[in-house]
Enquirer: 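Have a look at this one before I ask anything.
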Amino acid sequence: MAVAATFEIEYLQYLGPDGKPVGALPEHADPARMVELFRQMLFVRTFDSKAIALQRTGKLGTYASCLGHEATHVGIGAAMRPEDVFAPSYREYGAQFMRGVHPREVLMYWGGDERGNDFEIPRHDFPWCVPIATQCLHAAGAALAFKLRGEPRVAVTCCGDGGSSKTDTYAAINSAGAYDLPFVQCIINNGWAISVPRKAQTGARTLAQKGLAGGLYCLQVDGNDLFAVLEGMRRAMERARSGQGGSVVEFLTYRLHDHTTADDARRYRDEAEVKAAWEREPIARLRTWLTDNGHWDEERERAWAEECGRRVDAEIDAYLGTQVQPVEAMFDYLYADPPPDLLAQRAAAIAREQRA
Amino acid sequence: MAVAATFEIEYLQYLGPDGKPVGALPEHADPARMVELFRQMLFVRTFDSKAIALQRTGKLGTYASCLGHEATHVGIGAAMRPEDVFAPSYREYGAQFMRGVHPREVLMYWGGDERGNDFEIPRHDFPWCVPIATQCLHAAGAALAFKLRGEPRVAVTCCGDGGSSKTDTYAAINSAGAYDLPFVQCIINNGWAISVPRKAQTGARTLAQKGLAGGLYCLQVDGNDLFAVLEGMRRAMERARSGQGGSVVEFLTYRLHDHTTADDARRYRDEAEVKAAWEREPIARLRTWLTDNGHWDEERERAWAEECGRRVDAEIDAYLGTQVQPVEAMFDYLYADPPPDLLAQRAAAIAREQRA
Amino acid sequence: MNVAANAKTAGAAAPAAAAGTDAPITLIEAITQALAWEMRHDDSVVVLGEDVGVNGGVFRATAGLQQRFGPGRVLDTPLDETTIAGLTVGMAAMGMKPVAEAQFDGFMYPMVDHIVCHAARFRYRTRGRLHCPMVLRVPWGGGIRAPEHHSEANEAIFTNVPGLRVVMPSSPARAYGLLLAAIREPDPVIYFEPKRIYRQYKERVPDDGEALPLDVCYVLRDGTDITLVTWGAQVKETLEAADRLAEEGIGAEVIDVATLRPLDFATIAESVARTGRCVIVHEAPKTAGFGAEIAARLAEECMYDLLAPVERVAGYDTHIPLFRLEMKYLPSTARIVEAAKRALAAG
Amino acid sequence: MNVAANAKTAGAAAPAAAAGTDAPITLIEAITQALAWEMRHDDSVVVLGEDVGVNGGVFRATAGLQQRFGPGRVLDTPLDETTIAGLTVGMAAMGMKPVAEAQFDGFMYPMVDHIVCHAARFRYRTRGRLHCPMVLRVPWGGGIRAPEHHSEANEAIFTNVPGLRVVMPSSPARAYGLLLAAIREPDPVIYFEPKRIYRQYKERVPDDGEALPLDVCYVLRDGTDITLVTWGAQVKETLEAADRLAEEGIGAEVIDVATLRPLDFATIAESVARTGRCVIVHEAPKTAGFGAEIAARLAEECMYDLLAPVERVAGYDTHIPLFRLEMKYLPSTARIVEAAKRALAAG
Ligand SMILES: Cc1ncc(C[n+]2csc(CCOP(=O)(O)OP(=O)(O)O)c2C)c(N)n1
Ligand SMILES: Cc1ncc(C[n+]2csc(CCOP(=O)(O)OP(=O)(O)O)c2C)c(N)n1
Ligand SMILES: [Mg+2]
Ligand SMILES: [Mg+2]
């Protein structure tokens, strides 16, 4: 039998669900850094639960929780440099906070205010992207721009297990391979795309193998194990930065919350599955390892939890304190050079406001 | 190192470019059938050269030649049953003739007349499809219909190496895997997509591996070796018919002609490459094998060539003899139940014709 | 994925009509009722889309249908709108009657290619050999405080496309009757659902399988002073405007276009011939919105009837903003009344 | 694929202008000339599309550009229009000025999603933080005896979309000046190229880098009896109609809209105020084509000036047929003359 091609996709896991190493930890694992990132994960979880509470009390619109994704999101953000570009979907707050996005910006966006997308930092990252996986192609385009201009920057993008079915994801992967781009496609497989389970999305055994269709480097990692996330991202980023081309990294995690606050997962999802997933969740896991190794304790956790609460509350206050944009805001950012008819509509809208 | 998944893609070749077997022939190889299909390949080539000549003399519009693809096209058609459905792109005349499409219908289509798509046989096949690879998804939809209705039919579709980059191809592959459909995606890799060479389309080592993104069975075959084409299609069709799901088969062949008669490949393609490709072309190869084994000779070839000429000429005459459709034809097939405004436009157009 | 091997069996095994209660229902319930009726009576009808299965659709339009008709009649799709559109075209060409759902208006753009290039052309291209009896259901329009891309009035993308029918009901009864008609129609239909009024009010909609004609405008209120023409969710504000005008003794005729393509212009023309004044109201941006076509027909065919310039009250020529500002974008009752008064004052 | 590591170097290494001959050129040569000018003067301009590289585009619009500016400035793409659109948006957001090509009008539908959802919204969505300075060039329209999907007049898909500019030149000089303007424009521009008149005639187009304004209609011929408004390839038939009318002593003013969005309605209104009669001519299907917007504006803003009903001479409301019949689909000079005479006879 003649063979045209063979492929092997590696799976990375360092810390088991019980927080015990399953083998040697990656070379680069540095306890101080792990503590810092663990604190970040706790911060994200605090933010998330407060955002959900805000929505429940009518002070926020529909909100997409990131509960359970903290290791994946924070690990992705941690792997990037400021000058790289991030093209998120709509839940990767952990990664965005690492890049400088303010929690109040997240709240403004879900609070129905475009100014949430006007990140103070980083100015060049892509905004949240609602049309699933379209951002993946924008990231590929950004990577192409970096390559053409000879800039040592990497474009990183995320989509979900559902998003891996989207044709845009394939297009991004394929063009990254065709042009050999500094591009990292993260596929965050949290088991569900609203009500559709992972297995209904595709016949592919792994989502990592989507990358084979474009000839990219493919890797599957335990997305609830921060060590694995960091190592997977390190490999992908190094490949990209050193001109070895693009990667697809699949992160196995779980959506512990409803899809968004507008969803009720009990309609389609077994509670037992959710319960089992809590046994694998990333924060307890890392806490166990840190504690077992003397890098963390209850006291520090209590103090940091309080600090997180204070910081998030301050961000919430900032959000709640923003004034609604004036009516002309919907005209002012459409064109650099607005046409006269639009200016006339703008004037009429302002006049109408003043009359009202 | 933990491994998430491994894949191996087989390559099939039975007859070398010199017409000598490279090993054992497939079990099912039947000389009488090979002769019949060889005659079909010769017929297709006769048709093709006469169609090009027609275009050159202004009696046909732009025409897409199938020169060099005869083994792939005829082999695909030979593998199908009448009740299966074929969704071609725009060059697979060999497959279509096997299914009953009349050469005059091909000519009418490229001659600017929609009636070319009104195949007398087979009534249910998809028409030619100009927007690249969109037909692949229609075939997947047809396969889904077959599965839902419990019909033992297979949907077969073709796209080119260029078409394998198209997001629709990925969508077809992915949905075939997700629903486990009786679906065969043929990727006819003829080296070029107009001026863009295969290697510029994707970083993937093979095009067959596009199927891994959907979890399909993947196979690469020598598309200039009729034995390999038949064996590859047999496997894919049997899998589909027996409920084992979809396949992607990549056929390695070569576009010996310009992309279409509107193209001039000398602008972008090395003549040496074309010359080398002629050494691998499918007809001489099969002729050598048939002749070496006493199934074919010059006398039979001469007689059949004459017969092909006669038959194609008759089809050309039929094509040239068709009247242009009346002006109302552009209104009559738009809706089953045309709205009054459209009927008014129709009447006006007829009146205008009568005045002119 | 677990789709039934034989849809016929699955259909036949489904329980009989749960209907017949005759209680008033909302627009979205009328859609569910129409889908269920037609699925019961035509085995070739299949529903597909994202989350339409066990979840019953994010708006609950397909609630209970998979439970009732089985996974071979109600299919969740992979998350890709190109896929949904392309599969739908292929299924329809093979004689099924797929009813596909775009989860939201803002996600239908990847479907444009298959709809315009294929659904709208199969009959034309093959001289009637194949055709494409499909429906695409699209929750449409703004005003529900949803995230970005969940609030778009993008019907103008399709109104210039030959071979399509474009429908938009604005009441429970019309939703039911027009959806039945759309599914039975042998050519492709884009069926926009004004999501803002999905649950606005209830009315009794007999589950009798009676379709409504797909090519007429509905006169919702008679009037002799001015004609207000609208469709979709703006029917609400337009009727309110008519109420306000009535308070001032002005009789406004209100027309719900309902089917945009093909347009029943005769009904509009007949009204304007009587009133001499016309305000067109729509949610989409004004410029080159479908209101332009109606105004153009008036300019061509009713010029001598017009006593005043035609008015269009529409979305501004900018994107509908996120929800903090969206109600300032949508045409308000006050804007319609203003325009009507301008028209009444003119000429 | 072999793209240069550094586009700046590739650009700088390119030979200086090959222009300056001042010989008359065709519309498509003017496009090449504009691309070359802007690539010479702005390193961030990059051309991408199918077959735009060594092949110079199937229409030769990019002929010689890759040879001149290198593969880092002129990129062949994989065969996927979604890819082209999405990459273009991403590159533009990162500060490049990509000029993408859709090989034919009929292949641009998969680009609609990225254009409508992203290109047209980056500025709006991010309050100006990011924007999308891209151009999409689209060989447009029928009449070249091409295969299916190579002959479509689909501009109406974009004319209702806020945030876009939609341009269509109809002469070599306007092609040059408007393409330069489009590339320099900080917001996305859809640049339709009427392929039927790519090589219709030549005129001198100084290669001086002078852009034309992106928001004006051009009065191609003065006249006081009737206003003929058109764009794209139909400018040819419309001017011919004006000639025929002139033979009968009728002075037809001919306006080339040139930029459809934003529309310079003032120029049209001013003309109609003088002539009182207007015929709108376009190749796209009549119903809900962009002509409707112009007629609607006339009905709203010029009613008192109109002496006759507005006329639209357009493609029929069916698909443009394959080439044996296509010339019977396209509006002919005779049909324009007829409509003009109807308008002149009325009122
Ligand atoms: C193009 C498009 N189609 C549909 C939707 C509606 N939608 C929002 S999120 C979602 C599921 C996404 O699932 P997945 O990609 O797995 O990401 P997750 O939400 O699980 O992180 C869907 C269908 C959308 N936003 N965009
Ligand atoms: C969507 C779309 N984009 C572009 C084209 C123009 N086009 C026609 S054939 C072709 C190349 C196709 O190459 P390939 O898929 O390899 O098939 P081949 O012609 O070599 O058989 C292109 C770009 C098209 N027909 N459809
Ligand atoms: Mg998910
Ligand atoms: Mg090819």
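All of these numbers come straight from a predicted model, not from anything done at the bench. Sequence lines set the chain letters: A, B, ... in the order given, protein chains first and strands last, and positions in each chain run from 1.
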Enquirer: Whether B:D317 and B:R104 form a salt bridge (side-chain N of Lys/Arg under 4.0 Å from carboxylate O of Asp/Glu) is what I want to check.
Expert: no
Enquirer: Answer yes or no: is there an ion pair linking D:K236 with D:E240, defined by an N-O contact shorter than 4.0 Å?
Expert: yes
Enquirer: Do D:L48 and D:M91 have side-chain heavy atoms sitting under 4.5 Å apart?
Expert: yes
Enquirer: Looking at B:T169, B:T62, B:V324, B:L342, which has the largest count of heavy-atom pairs under 4.5 Å with chain D?
Expert: B:V324
Enquirer: Taking only residues two or more places apart in sequence, or in another chain, which ones meet B:Y109 in a ring pair (Phe, Tyr, Trp, His ring centres under 6.0 Å)?
Expert: B:W128
Enquirer: Would B:Y63 and B:D48 count as a side chain to side chain contact (heavy atoms under 4.5 Å, CB included) if you check the C-alpha gap in whole Å, the side-chain angles of each, and the deciding distance to 0.1 Å?
Expert: CA-CA 9 Å; B:Y63 169 78; B:D48 194 66; 2.7 Å; yes
Enquirer: Using non-hydrogen atoms and a limit below 4.5 Å, what part of residues 327-343 of chain D faces chain B?
Expert: D:K328, D:Y329, D:R335, D:E338
Enquirer: With chain B, which of D:D51, D:V54, D:I320 has the greatest number of heavy-atom pairs at distances under 4.5 Å?
Expert: D:D51
Enquirer: Sub-4.5 Å heavy-atom contacts with chain B: which residues of residues 136-158 of chain D show up?
Expert: D:P147, D:E148, D:H149, D:H150
Enquirer: Search all heavy atoms of B:C218 against all heavy atoms of B:L212 and return the closest pair with its distance.
Expert: SG-N, 3.5 Å
Enquirer: What part of B:R266 gets within 4.5 angstrom of chain D, counting heavy atoms only: side chain, backbone, both, or neither?
Expert: neither
Enquirer: Hey, which of B:P326, B:G111, B:P338 has the most heavy atom pairs under 4.5 Å with chain D?
Expert: B:G111
Enquirer: B:D258: which residues meet the salt bridge (Lys or Arg N to Asp or Glu O under 4.0 Å) condition with it, sequence neighbours left out?
Expert: none
Enquirer: Heavy-atom count around D:E248 CD within 6.0 Å, excluding the residue itself: above 12?
Expert: yes
Enquirer: B:R91 and side-chain hydrogen bond (donor to acceptor under 3.5 Å, both in side chains): which single residue from B:H259, B:H257, B:H73 fits?
Expert: B:H259
Enquirer: If the plane angle is over 60° it's perpendicular, under 30° parallel, otherwise tilted; pick one for B:Y268 and B:W192.
Expert: tilted
Enquirer: Please rank B:G112, B:A262, B:G160, B:G61 by heavy-atom pairs under 4.5 Å with chain D and give me the top one.
Expert: B:G112
Enquirer: What orientation do D:F107 and D:F104 show, parallel under 30°, tilted 30 to 60°, or perpendicular over 60°?
Expert: perpendicular
Enquirer: Would D:K286 and D:D317 pass as an ion pair if we require N to O under 4.0 Å?
Expert: no
Enquirer: Report which part of B:I194 has an atom under 4.5 Å of a heavy atom belonging to chain D: side chain, backbone, both, or neither.
Expert: both
